[in-house]
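In what follows, a single structure is set out as structure tokens and then discussed.
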There are 2 protein chains.
Amino acid sequence: MRIGELARLADVTTRTLRHYDELGLLTGRRGANGYRVYDDADLRTVREIRMLVGLGFALEDTRPFVECLRAGHERAASCPDSLAVLRRRIAEVDDSVDRLHEVRGELTRQLGEASRARCEFSGIDP
Amino acid sequence: MRIGELARLADVTTRTLRHYDELGLLTGRRGANGYRVYDDADLRTVREIRMLVGLGFALEDTRPFVECLRAGHERAASCPDSLAVLRRRIAEVDDSVDRLHEVRGELTRQLGEASRARCEFSGIDP
DNA sequence: GCTGGCGTTCACGTCGGCGTCAAGGTCTAC
DNA sequence: GTAGACCTTGACGCCGACGTGAACGCCAGC
């Protein structure tokens, strides 16, 4: 299939697929006329990339998964490099959640103090 | 005081202060020589901005707080607009935490499936 | 043969929050 | 009077993941 059809099937734009090509992430074959030619494996790969991006991975971090698929593995995450990136991402998410909890605490503290200040100003007892 | 001293006291760069000036966020007075002139209130404002940025606010979202201080209020968060932005940010944080929990669940699911796949491949019983 | 719908490459624009020059003006100390 | 430590504006660079448009090639159907 050509780039337009793959884009429709994978629900991305052709620009996105060309971008992946530029990055060497999804380097399809070329037809005699210079057109990019893709197959079902490429569709599978794009879907994998989009799933990972949806989980917060940078495109560069999806590379091990893509290569794992290209190596013939059923599951893109089953290669050592993929697993390492996966675990790293989990650690990042945990850190983010921790930081957000701290931030949330500080935000509510600020909200409470500001509300009290407004009540005093209005002469309202909290 | 001039821009360099304020930068030192607030632990930011002069570029940062000029950037705030460009945004109209911290428009100081000008001396006879064209130099920016700041006072203690400006220092307080910069510290407020940096604190808010540390809590994930965009610079534009700090504007209500800055204006609240300029209006003479003790607490930058005690004005209606500040409170609205504050509450909105709390909601954003809650959404982010929820999304990160979902992401974390999906990540561990992927990790589990990939590990099982590797064990089957190695002939190791999980 | 020509229109329309595909495809191609090149290359700049977007968003935020500055960093990092460059080219110059100002003020102080020696 | 001159070094150097401050200040000014202007303008491009950076990061990531594309959007957007220009200018062109290819091919099917009428």
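Residue numbering restarts at 1 for every chain, and letters A, B, ... go by the order of the sequence lines. Note that the coordinates shown come from a computational prediction; the quantities given were computed from them, not determined experimentally.
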Next item on the list: For residues 8-57 of chain B, pull every pair meeting disulfide bond (SG atoms under 2.5 Å apart), keeping only residues two or more places apart or in separate chains.
Entry: none
Margin query: Taking any atom closer than 4.0 angstrom to a non-hydrogen atom of chain B, what span of DNA chain C does the protein reach, first nucleotide to last?
Written below: C:dG17 to C:dC27
Check: With sequence neighbours excluded, what pairs up with B:Y20 under the ring-ring contact (aromatic ring centres under 6.0 Å, His included) test?
Finding: none
Check: Apart from B:Y35 itself, what residues make up its hydrophobic cluster when side-chain heavy atoms of I, L, V, M, F, W and Y under 4.5 Å apart count as a link, directly or indirectly?
Finding: none
Check: Should we say atom CG of A:D11 is surrounded by more than 12 heavy atoms from elsewhere, each under 6.0 Å from it?
Finding: no
Margin query: Just verifying a value: how many Å separate A:E106 CD and B:I90 CD1, rounded to the nearest 0.5 Å?
Written below: 10.5 Å
Quick test: give all pairs of protein nitrogen or oxygen and nucleotides 15-20 of chain D nitrogen or oxygen below 3.5 Å, distance rounded to 0.1 Å.
{"unit_1": "D:dA17", "atom_1": "OP1", "unit_2": "A:L59", "atom_2": "N", "d": "3.2"}
{"unit_1": "D:dC18", "atom_1": "OP1", "unit_2": "A:R50", "atom_2": "NH1", "d": "3.4"}
{"unit_1": "D:dC18", "atom_1": "OP2", "unit_2": "A:Y20", "atom_2": "OH", "d": "3.1"}
{"unit_1": "D:dC18", "atom_1": "OP2", "unit_2": "A:R50", "atom_2": "NH1", "d": "3.2"}
{"unit_1": "D:dG19", "atom_1": "OP2", "unit_2": "A:T13", "atom_2": "OG1", "d": "2.8"}
{"unit_1": "D:dG19", "atom_1": "N7", "unit_2": "A:R15", "atom_2": "NE", "d": "3.2"}
{"unit_1": "D:dG19", "atom_1": "O6", "unit_2": "A:R15", "atom_2": "NH2", "d": "3.3"}
{"unit_1": "D:dT20", "atom_1": "O4", "unit_2": "A:R15", "atom_2": "NE", "d": "3.0"}

Next item on the list: Specify the angle, to 10°, made by the local axes at the two ends of the helix from C:dG1-D:dC30 to C:dC30-D:dG1 when five pairs are taken at each end.
Entry: 40°
Notebook entry, point to check: B:Y38: what forms a ring-ring contact (aromatic ring centres under 6.0 Å, His included) with it, not counting sequence neighbours?
Noted result: none
Only pairs under 3.5 Å count here: list side-chain donor-acceptor contacts from residues 79-89 of chain A, not counting sequence neighbours, and write none if there are none.
{"unit_1": "A:S82", "atom_1": "OG", "unit_2": "A:P64", "atom_2": "O", "d": "3.4"}
{"unit_1": "A:S82", "atom_1": "OG", "unit_2": "A:A76", "atom_2": "O", "d": "2.9"}
{"unit_1": "A:R88", "atom_1": "NH1", "unit_2": "A:E92", "atom_2": "OE2", "d": "3.4"}
{"unit_1": "A:R88", "atom_1": "NH2", "unit_2": "A:D61", "atom_2": "OD1", "d": "3.3"}
{"unit_1": "A:R89", "atom_1": "NE", "unit_2": "A:L55", "atom_2": "O", "d": "3.0"}
{"unit_1": "A:R89", "atom_1": "NH1", "unit_2": "A:E92", "atom_2": "OE1", "d": "3.1"}
{"unit_1": "A:R89", "atom_1": "NH2", "unit_2": "A:L55", "atom_2": "O", "d": "3.2"}

Checklist line | Residue pairs passing the disulfide bond (SG atoms under 2.5 Å apart) test where at least one lies in residues 7-64 of chain A, sequence neighbours excluded | finding: none
Identify all pairs in which a protein N or O lies below 3.5 Å from an N or O of nucleotides 2-9 of chain D, and state each distance.
{"unit_1": "D:dC7", "atom_1": "OP1", "unit_2": "B:I3", "atom_2": "N", "d": "3.4"}
{"unit_1": "D:dC7", "atom_1": "OP1", "unit_2": "B:G4", "atom_2": "N", "d": "2.6"}
{"unit_1": "D:dT8", "atom_1": "OP1", "unit_2": "B:R36", "atom_2": "N", "d": "2.9"}
{"unit_1": "D:dT8", "atom_1": "OP1", "unit_2": "B:R36", "atom_2": "NH1", "d": "2.9"}
{"unit_1": "D:dT8", "atom_1": "OP2", "unit_2": "B:R18", "atom_2": "NE", "d": "3.1"}
{"unit_1": "D:dT8", "atom_1": "OP2", "unit_2": "B:R18", "atom_2": "NH2", "d": "2.9"}
{"unit_1": "D:dT8", "atom_1": "OP2", "unit_2": "B:R36", "atom_2": "NH1", "d": "3.3"}
{"unit_1": "D:dT9", "atom_1": "OP1", "unit_2": "B:R30", "atom_2": "NH1", "d": "3.2"}
{"unit_1": "D:dT9", "atom_1": "OP1", "unit_2": "B:R30", "atom_2": "NH2", "d": "3.0"}
{"unit_1": "D:dT9", "atom_1": "OP2", "unit_2": "B:R36", "atom_2": "NH1", "d": "3.1"}
{"unit_1": "D:dT9", "atom_1": "OP2", "unit_2": "B:R36", "atom_2": "NH2", "d": "2.8"}

Margin query: Considering only residues two or more places apart or on different chains, which pairs with a residue in residues 45-54 of chain A satisfy salt bridge (Lys or Arg N to Asp or Glu O under 4.0 Å)?
Written below: A:R44-A:E48
Item checked: Carboxylate-amine/guanidinium proximity below 4.0 Å for A:E113 and A:R109 -> yes
Note to self: Holding to side chain to side chain donor-acceptor pair (under 3.5 Å), I want the full list of residues that pass it with B:R29, two or more places apart in sequence or in another chain.
What the structure shows: none
Note to self: Whether A:E60 and A:R63 form a salt bridge (side-chain N of Lys/Arg under 4.0 Å from carboxylate O of Asp/Glu) is what I want to check.
What the structure shows: yes
